[in-house]
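Attaching a single structure in structure tokens format; questions to follow.
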Amino acid sequence: MEYVSKATLEVNGQLVDDINSVTEKKVEVRKAIKLMNKTGVVKGTPQYGMQVEYVLPKDAPEFDWEEVENGTLTVDKENGVRVTFTGVYTLEVGDAKYDGEKETTRNIELVAMGRVKE
């Protein structure tokens, strides 16, 4: 059996292939709330968080993550499944990590308002 080990990232129609990893963060669907004599549950509006480990290209300019506003991000899992995130915004462009042995990376924090599995 083969497993998904790689994802291709497309942001607003532009292929971003300088990626080491994409992490889909947990999604809070419901939240427990305290009431006077019991605990209740309320359904929330899900927010989809992602962390992208971006590799800084040596011979090209960096992708401008700061400009991602109300964008679309598609992760192609290369097994026939594509996940498209809509309403994507960059929350944080992280530190660059230089370790002297591997490529230089930067963590990018994203949030999306919608998620569709195709």
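Just so it is clear, the structure is predicted and the values come from calculations on it, not from any experiment.
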Open item on the list: Are V29 and V42 connected into the same hydrophobic cluster when the rule is that any two of I, L, V, M, F, W, Y join if their side-chain heavy atoms are below 4.5 Å apart?
Closed with: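 No; tracing contacts between hydrophobic side chains, which count when under 4.5 Å, never links both residues.
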Open item on the list: Against V68, only a single residue in I108, V93, T90 fulfils side-chain contact (heavy atoms from CB on, under 4.5 Å); can you say which?
Closed with: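 That would be T90.
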Open item on the list: Less than 4.5 Å apart, side chain to side chain, heavy atoms only: is that true for V81 and K117?
Closed with: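 Yes, at least one pair of side-chain atoms sits under 4.5 Å.
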Task: Which residues share a side chain to side chain contact (heavy atoms under 4.5 Å, CB included) with E103, sequence neighbours left out - done: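 N20, V55, T105.
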- [ ] May I ask you to say whether E109 pairs ionically with K25, meaning some side-chain N is under 4.0 Å from a carboxylate O?
- [x]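 Salt bridge present between E109 and K25.
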Open item on the list: With clusters defined by side-chain heavy atoms of hydrophobic residues (ILVMFWY) lying less than 4.5 Å apart, directly or transitively, does W65 cluster with L56?
Closed with: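 Linked, L56 and W65 end up in one cluster.
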Task: Heavy-atom closest pair, residues G87 and N70 - done: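 Heavy atoms of G87 and N70 come nearest at CA-OD1, 3.4 Å.
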Open item on the list: Any non-hydrogen side-chain atom of L91 less than 4.5 Å from a side-chain atom of L110?
Closed with: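 The answer is no; the side chains never approach within 4.5 Å.
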- [ ] Output the distance between atom OG1 (T104) and atom NZ (K97), rounded to the nearest 0.5 Å.
- [x] 10.5 Å
TODO: Nearest 0.5 Å please: distance from the CD atom of E24 over to the OH atom of Y48.
DONE: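 Between E24 CD and Y48 OH, I get 10.0 Å after rounding to 0.5 Å.
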- [ ] Please answer: with hydrophobic residues joined when any side-chain heavy atoms are less than 4.5 Å apart, are V83 and V111 in the same cluster?
- [x] no
Task: V16 and Y54: CA distance, side-chain angles, deciding distance, side-chain contact (heavy atoms from CB on, under 4.5 Å) verdict - done: CA-CA 9 Å; V16 181; Y54 175 66; 4.1 Å; yes
Open item on the list: Hydrophobic clustering (ILVMFWY, side-chain heavy atoms < 4.5 Å, transitive) - are V116 and V27 grouped together?
Closed with: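 Not linked; separate clusters.
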Open item on the list: Applying salt bridge (Lys or Arg N to Asp or Glu O under 4.0 Å) as the test, list every pair that has at least one member in residues 58-75; sequence neighbours left out.
Closed with: E62-R106
Open item on the list: One pair to check against side-chain contact (heavy atoms from CB on, under 4.5 Å): F63 and D18. What are the steps and the verdict?
Closed with: CA-CA 9 Å; F63 181 79; D18 302 321; over 6 Å; no
- [ ] Can you measure from CD (E92) to CD (Q51) and round to the nearest 0.5 angstrom?
- [x]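 Between atom CD of E92 and atom CD of Q51 there are 9.0 Å.
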Open item on the list: Quick check: is M50 connected to I19 through a chain of hydrophobic side chains (ILVMFWY, heavy atoms under 4.5 Å apart)?
Closed with: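 Same cluster.
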Open item on the list: Using only atom types and a distance under 3.5 Å, with no angle test, would you say the side chain of T86 pairs donor to acceptor with the backbone of T72?
Closed with: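 The answer is no, because no donor-acceptor pair under 3.5 Å joins these two groups.
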Task: Between CG on residue L15 and CG on residue D76, distance to nearest 0.5 Å - done: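 It comes to 10.0 Å.
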